[in-house]
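Report on the structure given below.
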Amino acid sequence: MKELVKIKAGKCVFSLPKGRPLSDLLPELGSEVKPLLFRSGDELLDLSYPADHDREIRPVTASEPEALDILRHSASHLLAQAVTELFPGVQAGIGPATDTGYYYDFLRETAFTPEDLVAIENRMREIAGGDLPIQRLVLKKEQAVRVFAERGQALKVELIEEKGGDEVTCYEQGNFIDFCLGPHLPSTGYIKYIKLLSVSGAYWKGDEHGPQLQRIYGTAFFSQKELDDYLAFLEEARKRDHRRLGQELELFHTSDDLGAGLVIWQPKGSIIRHLIENFWKEEHLKDGYDFIYSPHIARLDLWKKSGHTEFYEAMYPPLELEGCQYQLKPMNCPFHIIAYKSRQRSYRELPLRWAELGTVYRYERSGVLHGLLRVRGFTQDDAHIFCREDQLEDEIKGVIRLAIRLLRAFGFENYQVYLATRPEKYVGRLEDWDKAEKALEEALKSSGLPYQLDEGEGVFYGPKIDIKIKDAIGRLWQCTTVQLDFNLSERFDLSYVGEDGYFHRPFMVHRALLGSMERFFGVLIEHYMGNFPLWLAPVQMIILPIADRHETYAKEIQSRLVTESLRARVDDSREKIGKKIRQAEIEKIPLIAVVGDKEIKEGSLSLRIHGQGDRGEMKIDTLLPKLKQLIQEKSLEIKI
RNA sequence: GCCAGCGUAGCUCAGACGGUAGAGCGGCUGAUUCGUAAUCAGCAGGUCGGAGGUUCGAUUCCUCUCGCUGGCUCCA
């Protein structure tokens with residue numbers, strides 16, 4: 001007589017002989033439920049998972065989010081099966097699900113071509129069509145090692161020996177077997193809507209000194225529609241690509257003549273930056289910040305003192321002048337510290353909030369450069385706050401408030417906030433870390449922002465808060481960072497004279513809200529898809545005379561607008577009105593004013609709004625105050 | 001930095017067993033004076049990313065180099 005195990009599902013409790021698959025219960029659960037897996041506490045179990053001990057289970061269907069992960073994980077096995085079948089001798093590495101799909105790493109002499117990907121994808125469909133059962137196996141470690149060694153899968157053998165206990169789980173489908181914890185779908189037939197997307201290099205176990213593998217990326221969904229939607233999303237992202245739009249709209253320019261990672265802001269990008277910077281400065285003044293300007297280079301000794309020469313890898317090599325070595329600055333902090341130390345500080349003048357749009361140069365590895373999002377010369381919207389312990393929490397609160405105020409103005413309403421705490425290797429006093437972490441946490445709590453705790457993920461010199469913003473199509477971008485710094489305050493022996501007449505060490509907060517002008521601009525271009533709101537649009541209104549004789553009138557309107565500080569242009573090309581409108585729409589100019597005989601007679605203009613079409617004729621006197629108000633309010637939409 | 005791919009006119013891209021190159025858009029000129037997303041015609045733009053090599057001859061093949069792209073690793 002076999003031992004019985006109690007399985008609770010919903011309100012019912014079933015008894016199963018130990019070792020029987022949980023799927024034996026499926027008929028009992030009713031035909032309307034079509035589970036792919038079971039959830040038991042924190043665990044996800046295969047349908048075929050053997051009843052091992054008393055548990056409560058809940059069926060998981062395709063409509064639940066965790067099912068998608070499992071689908072993709074199973075799809076990655078399918079990918080590995082297809083590849084090992086089509087390309088004998090190829091070794092499989094690892095193949096997990098990701099947020100958007102899955103990948104699998106392979107060791108192969110020759111590179112996979114796009115044609116290979118097509119063949120692999122087709123083979124995946126064939127195998128899936130065969131609806132092979134995916135079976136969980138529990139093998140003795142030596143046995144598993146033998147299985148993979150026989151198949152020439154040395155990487156798998158390495159993984160098993162490293163990670164496996166006495167027994168290891170493997171999953172088998174057809175003649176393919178993989179070392180894997182699971183769980184998986186019941187059979188390959190569930191994997192229907194798949195797409196292989198790209199192939200790239202990846203290091204074995206993430207070690208850049210280890211062997212280089214080829215990583216094939218793919219995605220999978222439970223329905224054709226979801227797959228189509230995802231592919232449409234990728235297409236949408238491609239259309240928004242700031243590198244493309246930056247070129248088309250003449251916002252910024254890169255050139256071989258400059259060198260990698262160096263960017264020129266074209267006039268249209270520069271006016272936007274100017275407006276962002278003005279706004280940034282005004283908001284900082286409102287919050288009691290002072291401004292600092294600092295040079296782009298300083299003596300190498302300064303960077304030795306700060307520890308950058310020793311610990312910071314992305315420094316440009318120093319240059320030598322008159323026997324003295326100078327270093328291009330990768331950060332602004334030491335300069336602000338020098339300013340702080342220019343004289344003795346009293347507790348009465350703290351907090352000091354010093355902000356700088358500071359341009360820094362970092363020798364980023366060539367392979368990581370990416371449009372405006374990762375460059376070698378960029379301007380941080382930096383600030384350093386020097387404060388007393390009793391001021392710290394309020395200061396952090398103020399920084400968070402300011403950050404959100406700024407980000408909201410650009411239409412970023414969704415954030416992911418992270419609090420990263422003390423790592424294993426750290427500098428500074430433990431009690432300072434505790435105080436600082438508490439201050440950061442309290443500030444976050446009072447901000448009302450939901451946040452995630454990243455235990456032990458802080459930088460060695462202090463805990464930090466990072467804020468990622470979600471753009472118009474849901475992608476996350478890291479911009480805001482607020483970091484305590486116990487390293488520099490120590491190295492530079494920062495102090496202030498307290499009420500008690502003794503020297504004290506101030507807390508030093510380093511923060512950037514937009515991150516860098518370059519990265520923020522790149523994100524902004526994609527967020528708006530090049531359709532900048534009225535207050536930021538490089539050209540706010542273009543005036544289109546219908547015929548030559550209307551040009552004078554068009555220019556009158558233009559100068560009227562320019563006098564009122566609007567950015568207006570006249571299109572005096574000899575084109576037909578349709579062409580001029582098309583051109584203006586392509587340039588994504590928010591306001592288009594058409595003027596002809598009718599408008600001259602009426603002293604009016606015919607307004608067309610980008611994205612809204614023709615809005616009809618109106619008087620300039622009634623329009624102008626409305627426009628000024630929209631600009632003043634930094635309105636994200638044009639409602640007239 | 002590593003793996004893979006790419007680099008042809010200002011832009012988007014064709015192209016050629018190795019015999020020095022085209023299209024559309026844009027630009028310029030002329031005609032057209034026009035009412036809400038492309039008027040017509042003509043012209044001018046290229047040491048085919050750069051350097052070296054193989055060759056009678058290279059933009060095409062090879063090597064190096066610079067830049068870009070997708071990732072890895074690292075980051076604002």
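Naming: A, B, ... by sequence-line order, numbering from 1 per chain. Predicted model, so just to flag it, every value in this text is computed and none were measured.
Residue A/L369 is classed as a sugar-phosphate contact, given heavy-atom separations below 4.0 Å to backbone atoms only. Among the atoms of the strands shown, base atoms are found under 4.0 Å from some heavy atom of A/R519. Using a 4.0 Å heavy-atom cutoff across all strands shown, A/I577 reaches sugar-phosphate atoms only and no base atom. Residue A/Q478 is in sugar-phosphate contact alone, with no base atom involved, counting any heavy-atom pair closer than 4.0 Å across all strands shown.
Ring planes of A/F410 and A/F520: perpendicular class, angle over 60° (limits at 30 and 60°). Note on ring orientation: taking the six-membered ring where Trp is involved, the planes of A/Y217 and A/Y103 are tilted (angle from 30° to 60°). Note on ring orientation: taking the six-membered ring where Trp is involved, the planes of A/Y230 and A/F233 are parallel (angle under 30°, cut-offs 30° and 60°).
Figure legend: A/R108 and A/F106 shown without cation-pi pairing, the cationic atom not lying both under 6.0 angstrom from the six-membered ring centre and within 45 degrees of its axis.
Of the options A/F521, A/F378, A/F252, a ring-ring contact (aromatic ring centres under 6.0 Å, His included) to A/W265 is made by A/F521 and by none of the others. None of A/Y102, A/F112, A/Y104 except one satisfies the side chain to side chain contact (heavy atoms under 4.5 Å, CB included) rule with A/I216; the exception is A/F112.
Legend: residues meeting salt bridge (Lys or Arg N to Asp or Glu O under 4.0 Å) with A/E457, ordered by chain and number and at least two apart, are absent.
For the pair A/E587 and A/R569, the salt-bridge criterion is met [side-chain N within less than 4.0 Å of a carboxylate O].
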Quick one: the dot-bracket string of RNA chain B, using Watson-Crick and G-U wobble pairs with both distances under 3.5 Å, [ ] for crossing pairs and | for bases paired to another strand. (((((((..((((.....[..)))).(((((.......))))).....(((((..]....))))))))))))....

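For RNA chain B, the contact window with chain A, defined by any atom under 4.0 Å from a protein heavy atom, covers B/G1 to B/A76 in 5' to 3' order.
Glycosidic conformation of B/G45: syn, with the torsion inside 90° of 0.
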